[in-house]
Amino acid sequence: MPAIRRSRIAAIVIVFLLSALWYIRHKPGAWSYQYTSYTPALPKAPANDGKVHWIKLPDRYPVSSYISYPTGSPANIPLVQASQPRESAAEKQERIKRKQAVLDSFLHSWEGYKEHAWLRDEVAPISGQSRDTFGGWAASLVDTLDTLWIMGMKDEFELAVHAVEAIDFSTTMEKDINIFETTIRYLGGFLAAYDVSGGQYPVLLAKAVEVGELVMSCFDTPNRMPITRWDWQRYSNGNAQEAPEGSLVSEPGSLSLEFTRLSQLTKDPKYYDAVQRISDVFEEGQNTTKMPVSIHLSKPASGAFSEDNFFTLGGMSDSLYEYFPKQYLIMGGLLEQPRKLYEGFIEVAKEHMFFRIYNPKDQNLTVSGDIQVIGGGNILNRIPNGQHLTCFAGGMVGLASKIFNRPSELTLADELTSGCVWAYDNNPNGIAPEIFSVMPCPKNLDCKWSQERWHRSLAVFHPLAGGILEDDGSLSERVSKIAKENRLAPGFTQITDRRYILRPEAIESVWIMWRITGEKKWQDAAWRMFQAIEKVSRTDIAAAAIVDITVDPKDVKGQRMDSMESFWLAETLKYFYLCFEDFGVVSLNDYVLNTEAHPLRRPR
Ligand code: DMJ
């Protein structure tokens, strides 16, 4: 064969092979990925800075084969958002004014952080000191990156992106790294900043990989379950590791979104593999507990659930459940498991945890309470507590009602969110406290308000009433005095934790309901809530958490604590801002937000 013909054939073969490779890499659904490929850098050699550094060691318990990522094009998931509601010129003006007010609040706290705590985890909003509370890796800065982009502050964003290059995740003064917090705030923060800025800043993905690699070392255990409070120096010294005897379910259960997105962006399957193993344990365990909403995953080492007696959607378990529908979204609907997990638990929550409450205006309000299982598993004792933390439930139920096509549950989502708005509106400063007790209506029975019933509940349940059962004619007067002295509005029977620590869950659900329904009542609720928080929390430097949010408005400023967690800038103000922003900005049809409000791109 003449040489010229041979080289032509060789050229054709090469072009064919390259095209095939290109197709395999870019075929829809495989790793749904819209940016250029990224090769993670190997961790740098420890710096000679006198500090102890984490060293990545070869896996002692390597995975024999990775769990395969489902192939195919993303499923046709129903749209989440309503179309943008029409507004008059006056309404638009009002909305822009509100948005600007949120922006001003954000800028105030951001400037306070920049001036007093740059590159530290948190600014102390009263003393102006700085604190390291999450590893000392500039938690507020990383947590805030995507908010800066979303609020249109490109210069500030670039300043922050430049600064994160210097963060060294291979060392920390913490003995144990909190894997959950590190994942939701840092890994989630970098991934979302990378996603919302359209992949233009590769350093953000590089930092995500740096955090991902660090965190992956806690999975090097015999059954690949993570050590959620991880002694990184013990690992670096070459000690064998084992998953702990017990862990709170929200901790291993809320890593899935971030790790899946990291695999999608790097095309490295190991991160997805790591979290999918955890989800498999949850699936196996879902029906072995007394309820599929256990707060304890005991013995992750053996992959078993504990014989838990206490169940809640509040602290210690919350985001595990929040992540079921969200994991379905980040997987483009290609995996049925998260849907099954959601369906398994939501029926139980509806039956036993969610309850309507008595309230003076007879509104349909629902609260997510706690449950205690006693008597060998036969008796369910409902504890009618509302928590600020459980206020995420309205948004979760709303999102799931859309994507899993459960339209009747949109009303439930409305009621759950309205319950939290009611708790804001009915406290002296317009803000809901951390934990409070309310009056549950009996199922399928009359839920009509009666002052007398409220008084009786106070008499029985309020500790200062000492369980007054007999009414000698003075009951009403006595409990009214207790209610007044303890600043309990009609419908509340106790407030056991009176703090407001700048948490986002209520406004999170309000925002999701606003985007799902386009009903203006949610925007108005958001505005009331924002003004209330702004009024009490703003300090000269930033914004402060409040010890007792129920004190008289004229005294409430004396209740401010010298603390501002990074979620104020990452979540609370972002949700407020988005309530007054166009529907196209962070559309829920395009993004899924992690539990720290970091928007991750859904596969297309
Ligand atoms: C945040 O860190 C996250 O929203 C987490 O899921 C719960 N706690 C805080 C906010 O309250």
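Numbering of ligands and ligand atoms starts at 1, following listing order. These numbers come from a predicted model, not from an experiment.
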Student: Between Phe324 and Arg339, is there a cation-pi geometry (under 6.0 Å to ring centre, at most 45° from the normal)?
Tutor: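 That pair does not qualify as a cation-pi contact.
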
Student: So, Tyr577 and Glu581: side-chain donor and acceptor under 3.5 Å apart, yes or no?
Tutor: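 The criterion, which ignores hydrogens and geometry beyond distance, is satisfied for Glu581 and Tyr577.
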
Student: Can you tell me which residues line ligand 1 if we count any heavy atom under 4.0 angstrom from one of its atoms, in chain and number order?
Tutor: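 Lining ligand 1: Ile184, Arg185, Leu389, Arg503, Pro504, Glu505, Phe567, Glu571, Thr595, Glu596.
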
Student: With a 6.0 Å cut-off on ring centres, are Phe404 and Tyr328 close enough?
Tutor: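 Yes: the rings meet the under 6.0 Å criterion.
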
Student: Ring of Tyr424, cation from Arg528 - is the NZ or CZ under 6.0 Å from the centre and inside 45° of the axis?
Tutor: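 That pair does not qualify as a cation-pi contact.
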
Student: Ring of Phe134, cation from Arg185 - is the NZ or CZ under 6.0 Å from the centre and inside 45° of the axis?
Tutor: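 Judged by the rule, Arg185 and Phe134 form a cation-pi pair.
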
Student: Knowing that exactly one of Thr390, Leu389, Leu320 qualifies, which makes a side chain to side chain contact (heavy atoms under 4.5 Å, CB included) with Leu313?
Tutor: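 The single option meeting the side chain to side chain contact (heavy atoms under 4.5 Å, CB included) with Leu313 is Thr390.
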
